[in-house]
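Taking it in order: structure first as structure tokens, then the write-up.
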Amino acid sequence: MSFVLLALVLLLSVFSPARALWPLPRSLQTGSTALTLSPSFNIKLSVLHAPSDLLDAVARTKQYLLNDKLERLVVGRSSADTAAIAGAKTLSALTLQLTPGATARPITTEAQQAPEDRDEAYSLTVPADGSAALITADSTLGLLRGLTTFGQLWYFHSGQLYTLSAPVHVEDSPAYPYRGFMLDTARNFFPVADIKRTLDAMSWVKINTFHWHVVDSQSFPLEVPGFTDVASKGAYSASSVYTPKDVADIVSYAGARGIDVMVEIDTPGHTSVISKAHPEHVACAEATPWSTYANEPPAGQLRFTSDATTNFTANLLAAAAKMFPSKLFSTGGDELNTNCYAADPATQQALNASGQTLEQALNVFTQKTHAAIEAAGKTPVVWEEMVLVHNVTLSNETVVMVWISSDDAAAVAQKGFKIVHAPSDYFYLDCGAGGWVGNFPSGNSWCEPFKTWQKAYSFNPLSGLSADQAKLVLGGQQLLWTEQSGPQNLDSIAWPRAAASAEVFWSGPGGDDDAALPRLHDIAYRFVQRGVQAIALQPEWCALRPGACDI
């Protein structure tokens with residue numbers, strides 16, 4: 001055997017089929033025995049009073065096994081495995097069971113708990129002799145995660161499903177309880193079908209939180225009971241609205257896939273569009289030049305020095321909170337423009353009358369609006385400025401999203417707040433597409449350069465934090481701001497890049513890029529087989545030859 005051929009064989013052996021799992025399990029043991037899946041393969045539930053969404057998850061898994069038809073990423077694709085699977089033993093059944101004493105609650109109920117209370121651990125065993133495989137967990141949510149892993153083990157060749165890595169034993173649980181993906185549906189509208197497809201993709205890599213940045217200055221597509229005029233006048237069109245029925249549909253669809261939906265209604269900034277229905281509540285609405293009064297057009301911010309505006313906002317948030325079962329609710333709080341308030345006569349008059357500073361008024365506003373969602377059983381989530389820029393009093397339970405820079409996490413931790421990592425220098429999917437504002441032909445996006453999957457994958461959630469501060473990290477997420485995105489490029493800009501943080505916050509930091517790339521290829525190809533148009537990371541020639549395209 002030539003040296004080159006020997007090297008290739010050794011390289012391919014390192015990337016065994018079971019090593020194509022994404023995210024990589026915390027503990028994984030595999031063998032080298034071929035095993036085929038019986039045409040009559042069945043998934044059996046040894047679960048008393050199995051909830052309907054667990055039954056649906058089993059049915060989806062069977063459909064994926066039937067329809068994926070993914071060939072292994074090697075030279076010759078799965079035809080290279082013909083000899084290996086000839087005469088292989090056959091697996092006829094997979095059994096799902098809860099540990100003794102565990103209660104079979106709906107997956108949705110498990111997923112919508114506070115992040116720290118979610119139990120996603122599971123164990124998976126696939127024997128090499130054809131005897132039944134087994135997934136065991138303390139929760140139905142854990143069983144779902146085990147089904148996701150099981151579904152990634154199998155490849156297709158000539159009508160057969162097979163693995164080359166039996167026996168397989170997995171003991172798995174997430175390193176962090178919050179693993180998110182944020183989608184902005186305000187800059188451009190995304191139909192419910194696109195959101196559902198994204199939720200499917202999230203579930204395939206065990207992302208468990210959909211951060212829905214549903215409204216912003218440009219549009220208000222969320223129809224909130226009691227405040228329907230805001231959407232009717234603030235949405236782009238009557239067809240670009242999320243009704244309460246749509247919200248319930250999305251929340252239900254997400255929950256059944258182990259995903260919590262955390263809504264964000266950003267306040268007091270990023271609220272210009274509310275002026276279409278309630279001009280009395282918005283300062284400097286659509287003032288020009290917009291760059292003097294806002295980070296993005298159109299300008300306009302809630303006039304939080306007004307008691308009427310504070311009460312309006314608190315009631316709006318309370319009404320919206322009733323639409324979402326999640327324990328988390330984001331009130332935003334980023335990019336407050338003080339020039340706007342300095343130029344607003346009503347704000348200045350209110351400050352003079354009360355003797356308050358702008359920061360003192362912001363503190364009153366924040367406490368009243370947060371009290372409204374806390375009364376609804378929610379934990380407030382804010383962007384980092386509410387801790388690092390403004391002098392406001394926040395509940396100790398408040399969750400802070402660090403976005404401006406990854407370096408800011410330490411300062412937030414020093415103040416004792418729980419952290420979700422969302423830094424623009426690692427996790428912003430929209431960076432690198434050039435500037436989107438008009439009359440700026442030489443401009444770049446503010447967060448250049450493009451954030452590669454490798455950049456996100458290199459993130460260390462504990463960097464700069466002490467051992468005690470590390471306990472404050474709930475997890476992290478990648479984010480898609482949509483100034484230059486819509487349904488047309490949703491899949492391609494998000495996937496498979498957004499899977500990078502899914503593994504960082506499931507498996508823990510310190511992953512090996514070289515070992516990760518073949519697995520990320522594999523999950524991207526599987527996404528495409530399932531109807532999510534993930535982009536190619538390399539030419540297929542490279543995907544079939546791990547390491548061959550390294551420098």
Side-chain angles (χ1 to χ4, degrees), residues 182-190 211-222 224 227 230-231 233-236 240 242 262-279 281-306 309-310 312-314 316-317 320 329-341 343-344 347 358 361-362 365-366 369-370 373 380-390 392 400-404 422 424 428 430 436-437 445-447 479-485:
M182 191 217 76
L183 180 64
D184 160 20
T185 62
R187 270 68 180 217
N188 285 303
F189 182 81
F190 292 78
H211 174 185
W212 192 1
H213 187 90
V214 64
V215 300
D216 211 288
S217 280
Q218 293 83 2
S219 77
F220 198 107
L222 180 65
V224 180
F227 297 84
V230 182
K233 296 182 179 180
Y236 285 130
S240 298
Y242 302 107
M262 179 188 75
V263 72
E264 179 186 352
I265 297 182
D266 205 350
T267 60
H270 292 272
T271 47
S272 174
V273 71
I274 292 176
S275 67
K276 299 298 184 184
H278 295 277
H281 293 317
V282 178
C284 54
E286 300 188 14
T288 57
W290 63 262
S291 57
T292 299
Y293 303 107
N295 281 43
E296 280 191 14
Q301 302 178 143
L302 288 172
R303 191 174 276 133
F304 59 78
T305 55
S306 160
T309 299
T310 298
F312 167 84
T313 307
L316 170 65
L317 296 181
F329 189 107
S330 175
T331 62
D334 63 317
E335 296 184 331
L336 200 63
N337 186 293
T338 57
N339 290 335
C340 168
Y341 296 118
D344 180 51
T347 295
L358 190 67
L362 177 62
F365 172 86
T366 301
T369 53
H370 279 199
I373 62 171
V381 181
V382 297
W383 296 109
E384 64 176 82
E385 291 99 315
M386 296 300 284
V387 170
L388 300 183
V389 176
H390 301 294
V392 298
V400 179
M401 292 200 162
V402 176
W403 72 273
I404 296 174
S424 58
Y428 271 32
D430 57 305
W436 59 268
V437 293
S445 61
W446 72 271
C447 55
L479 308 90
L480 180 54
W481 302 104
T482 60
E483 288 88 349
Q484 298 183 86
S485 295

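By convention here, the first residue in the shown sequence is residue 1. The basis for the numbers below is simple: all heavy atoms, side chains too, and nothing from hydrogens, waters or symmetry mates.
The shortest side-chain heavy-atom distance between Pro268 and Thr313 does not fall under the 4.5 Å cut-off. A heavy-atom distance below 4.5 Å is not found between the side chains of Ser240 and Pro221. The closest side-chain heavy-atom distance from Asp334 to Asp266 is below 4.5 Å. Contact annotation: the side chain of Asn188 never approaches that of Ser485 to less than 4.5 Å [non-hydrogen atoms, C-beta and beyond]. Between Val263 and Ser330, the closest side-chain pair of non-hydrogen atoms is not below 4.5 Å. Here the side chains of Val224 and Leu316 are in contact, with some heavy-atom distance below 4.5 Å. Side-chain contact between Leu358 and Thr338 is present, with heavy atoms from C-beta onward closer than 4.5 Å.
A donor-acceptor pair under 3.5 Å is formed between the side chain of Thr482 and the backbone N or O of Asp184. Within the 3.5 Å criterion, the main-chain N or O of Ile274 finds no donor-acceptor partner in the side chain of Thr271. In terms of modelled atom types and a separation under 3.5 Å, the side chain of Gln218 and the main chain of Pro297 share a donor-acceptor contact. A distance-only check finds no donor-acceptor pair linking the side chain of Gln301 to the backbone of Cys340 [under 3.5 Å]. No donor-acceptor pair closer than 3.5 Å links the side chain of Ser272 to the backbone N or O of Ala285.
Below 30°, between 30° and 60°, or above 60°: for Trp403 and Trp383 the angle between ring planes is above 60°, a perpendicular geometry. Between Phe312 and His278, the two ring planes are tilted [angle within 30° to 60°].
When all heavy atoms of Thr366 and Thr369 are compared, the pair lying nearest together is O-OG1, 3.2 Å. Counting all heavy atoms, side chain and backbone alike, Met262 lies closest to Phe329 at CG-N, 4.2 Å. Listed here is the closest heavy atom pair of Tyr428 and Ala422: CE1-O, 3.4 Å. The shortest heavy-atom contact between Val273 and Ser219 is CG1-C, 3.8 Å. Of all the heavy atoms in Ala320 and Ile265, the pair that sits closest is CB-CD1, 3.5 Å. Contact record, Arg303 with Thr309: O-CB, 3.2 Å, taken as the closest heavy-atom pair.
For the pairing with Val392, the side-chain contact (heavy atoms from CB on, under 4.5 Å) check across His370, Glu385, Met386 returns one residue only, Met386. Between Tyr341 and the choices Phe365, Tyr293, Phe304, the ring pair (Phe, Tyr, Trp, His ring centres under 6.0 Å) rule is met once, by Phe304.
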Next on the checklist: Between Met182 and Met401, does the side-chain contact (heavy atoms from CB on, under 4.5 Å) criterion hold? Intermediate values first, please.
Outcome noted: CA-CA 12 Å; Met182 191 217 76; Met401 292 200 162; over 6 Å; no

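Here NE2 of His270 is found 10.0 Å from CG of Asn337. Values are rounded to the nearest 0.5 Å. Expressed to the nearest 0.5 Å, how far CG of Leu302 lies from CG of Leu336 amounts to 9.5 Å. Once rounded to the nearest 0.5 Å, the distance linking CH2 of Trp481 with CG of Leu183 reads 10.0 Å. A distance of 6.0 Å separates NE2 in His390 from CG in Leu362, rounded to the nearest 0.5 Å. To the nearest 0.5 Å, the span separating CD on Glu483 from OG on Ser445 amounts to 10.0 Å. Note that CG of Leu222 and CZ of Phe227 are 11.5 Å apart. Values are rounded to the nearest 0.5 Å.
Glu264 and His211 share a side-chain donor-acceptor pair at under 3.5 Å. When only modelled atom types and interatomic distance are considered, Trp212 and Thr185 share a side-chain donor-acceptor pair under 3.5 Å.
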